[in-house]
Amino acid sequence: MLKTHTCGELRAQHIGQEVTLAGWVHRRRDHGGLIFLDLRDRWGIVQVVCDAALSVAAHRAAEEVRGEYVIRVQGTVRARPEGLANPELPTGEIEVAATELEVLNPARTPPFYINEDQPVDEALRLRYRYLDLRRPRMQRNLILRDKIVSYIRDYLHERDFVEIETPILIKSTPEGARDYIVPSRVHPGRFYALPQSPQQLKQLLMVAGFERYFQIARCFRDEDLRADRQPEFTQLDLEMSFVDRDDILELIEGLFIGLVERMEPETGKRLKTKPFPRLTYEEAMARYGSDKPDLRFGMEIIDLTDVLGPSDFRVFSATAAAGGQIKGIRAPGCGSYSRRQIDELTAFAQQRGAKGLVWLARTSEGVRSPIAKFLSTDELDRTIERLALEPGDLGLIVADQPSVVAQVLGQLRLEMGRRLKLADPDELAFVWVVDFPLYEWDETEERWSAMHHPFTSARDEDWKYLQPGPDYDPGKAKAKAYDIVCNGWEVGGGSIRIHRRDQQALMFQVLGITPEEAQAQFGHMLEAFEYGAPPHGGIAPGIDRLVAILAGEHNIREVIAFPKTAQATDLMTGAPSPVSQRQLDELHICLKPDES
RNA sequence: GGGGGCGUGGUGUAGUUGGUUAACAUGUCGGCCUGUCAAGCCGGAGAUCGCGGGUUCGAGUCCCGUCGCUCCCGCCA
């Protein structure tokens, strides 16, 4: 090693020791005959004093040194003079008096500050990611990520799980997200796909008899990005045999509770409730307008259809008559919102599909609302009571089809929560959402599609909705599927799988996949199920999202060493980039004329 | 594919209803300086205001297009 100690470890106990340090020059303070260097390595910062009176050579070398130079220093640890300790620094009691200073490598002036936590344009950070990663924020986040992954591995190994790698080059399947595909050189015109998740492979590992499998798995989806979505991301992929839903839920709940509590000293994040509450999908949609509700605050959505449906206000009565809903939320203390603020909220609601937004402010005198004149005293009183409006509160009401009402009020709830700062940033509100529908209707393709994926089991009592016959009604079938949600982020999802060939065939039939197509695309799965597949199920929590939440970051790029931009490019390497004609030829690929 | 936001010395920002030489902080370079720790003091350099076009006597400012970054909708089994 080029160093005997790390910069961060030196304390008063080391006083008198000869040490050799190596690291980056964090800051330099030149007093003429005396130069102070703050030397930084991964473990911390220590002050090096280069005194011309002590070593002319070290002092002369320090005069040439600049920020981010890589240097090696030999010297003696000594106590700082009386009253000159720096309480801001863990090493602040001491300093290293340099006897020798060697520049291992000079550095150009960095394009942005490394020694200050000043905001920098993200494009610049990504272009010079290796410099960005030197900064304390990214060092902290990536080290936290390592601790989290390490905790997860320990937890699962203690419970007899086996970590098994699965291939990155696999077969493309039409279901789900758009695949990243890789051309085959050996087989002209054929392609591999990168896994959207190791879903089928982990199920086959259950057929193989491993019973408890996990993997910290990279997954790839060629879809547009979001703050919580990257084209490649990492999942804790996990599968167990001979389990039912609650076995998976209890395993993961134990993992997350233990993880959060272990990490609390450095994250400052604490659980809002344990054990985790459970909501059915229906409840979540009805009460929070979302299948990933932020439960750090209340502001539940209240059903007013029975109160306002019969009213003389045409919008309400017409909506109720058409099978729609009238629902509202209470925005505490917003009764004094100006016309302008109300207009903003109305525009917000309309952008999300509402035809309009009805508001109702309770004042000390009574009620102020554009629709007050259409409502009877009784209807008004019952609305106020149902919404629990206190004087000074604002009620926001939407009338529409249930999906629109949920969408709009769910978003409005989050928006009001933000405005009123109702969510505690240091609180983690985990919640299970269970009993998802097995299918959702795809409007554009006019067919049923799997809400989770086509290997998800229906609830035992719901298989009848898939059987051709009088009970056939796929929309009614609920799945043995579950999501773990935290602070409004979907942190993971899973299900109990189908393990019988007849049930899998039924599933494909409802999805409109013919037996021939099923054979071509999933033949290996169907065949495997004929060789003694155990009942099994699993879950796949997203590591990036989990780490981001624990790190207090609002974007998963902050917990990924080398992320892509929102346009799925890598500003550091320039990927994606053109390739040579020779490479294309080898792969039997011909570009369209306007795209080459 | 659609909508919103941002783009001004290396970095972070200011720049009024269009009006003289584009301002501030910090960094950077040079000088002075032996107890600083965001060191201090003095001096210097550094911007075709993302790019292209238009309106105008005059554009950082207004309009159109375009590029980049970002957030959201669609999409994400």
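In what follows, chains are A, B, ... by sequence order, proteins preceding strands, each numbered from 1.
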Hey, does the side chain of [X] reach the backbone of [Y] with a donor-acceptor pair shorter than 3.5 angstrom?
X	Y	result
Arg218(A)	Glu232(A)	no
Arg229(A)	Asp224(A)	yes
Asp462(A)	Lys478(A)	yes
Arg413(A)	Tyr288(A)	no

Could you state the atom-to-atom distance from [atom1] of [X] to [atom2] of [N] in whole Å?
X	N	atom1	atom2	result
Gln199(A)	C76(B)	CD	C1'	16 Å
Leu414(A)	C72(B)	CG	P	12 Å
Gln350(A)	C73(B)	CD	P	18 Å
Asp224(A)	G2(B)	CG	P	12 Å
Leu39(A)	C37(B)	CG	P	19 Å
Arg27(A)	G35(B)	CZ	P	20 Å
Leu37(A)	A39(B)	CG	P	12 Å

Look at all strands and tell whether [X] reaches a base, only sugar-phosphate, or nothing, counting heavy atoms closer than 4.0 Å.
X	result
Asp30(A)	base
Gln47(A)	base
Ala53(A)	base
Ile35(A)	nothing

Residues [X] and [Y] bridged, charged N to O under 4.0 Å:
X	Y	value
Glu64(A)	Arg28(A)	no
Asp483(A)	Lys292(A)	no
Asp132(A)	Arg137(A)	no
Arg127(A)	Asp121(A)	no

Candidates C71(B), C69(B), U11(B) - which lies nearest the side chain of Arg557(A):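 The answer is C71(B), which lies nearest to the side chain.
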Per Arg352(A) side chain, nearest of listed nucleotides C37(B), U34(B), C72(B):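 Of C37(B), U34(B), C72(B), C72(B) is nearest to the side chain of Arg352(A).
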Both distances under 3.5 Å, Watson-Crick or G-U wobble: report the partner of [N], or none.
N	answer
C37(B)	none
C75(B)	none
C24(B)	G12(B)
C6(B)	G68(B)

Of Pro454(A) and Lys564(A), the one whose closest RNA chain B nucleotide lies more 5':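 Whichever sits nearer the 5' end wins; that is Lys564(A).
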Position toward the 5' end of RNA chain B (nearest nucleotide), Asn86(A) or Pro110(A):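 Closer to the 5' end of RNA chain B: Pro110(A).
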Presence of [X] side-chain N/O under 4.0 Å of [N] phosphate oxygens OP1/OP2:
X	N	result
Thr565(A)	C69(B)	yes
Arg29(A)	U36(B)	no
Arg178(A)	C76(B)	no
Arg66(A)	C29(B)	yes
Arg226(A)	C73(B)	yes
Thr569(A)	G68(B)	no

Non-hydrogen side-chain atoms of Leu39(A) and Val96(A) separated by less than 4.5 Å: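 Heavy-atom side-chain distance check fails, nothing below 4.5 Å.
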Atom C1', compared across A45(B) and G5(B): separation rounded to whole Å: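 One C1' to the other, the span is 35 Å.
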Spacing of the P atoms in A14(B) and G53(B) (rounded, Å):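 Between the two P atoms, the distance is 28 Å.
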Give each protein N/O atom lying under 3.5 Å from an N/O atom of nucleotides 44-52 of chain B, with the pair distance.
none

Non-neighbouring partners of Phe508(A) that pass ring-ring contact (aromatic ring centres under 6.0 Å, His included), sequence neighbours left out: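 Here the qualifying residues are Phe522(A).
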Close residues, residues 111-121 of chain A, relative to RNA chain B [heavy-atom separation under 4.0 Å]: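 Residues of residues 111-121 of chain A under 4.0 Å from RNA chain B: Pro111(A), Tyr113(A), Gln118(A), Pro119(A), Val120(A), Asp121(A).
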Distance-only polar pair, side chains of Asn141(A) and Glu553(A), donor-acceptor under 3.5 Å: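 Judged by distance alone, the side chains do pair up.
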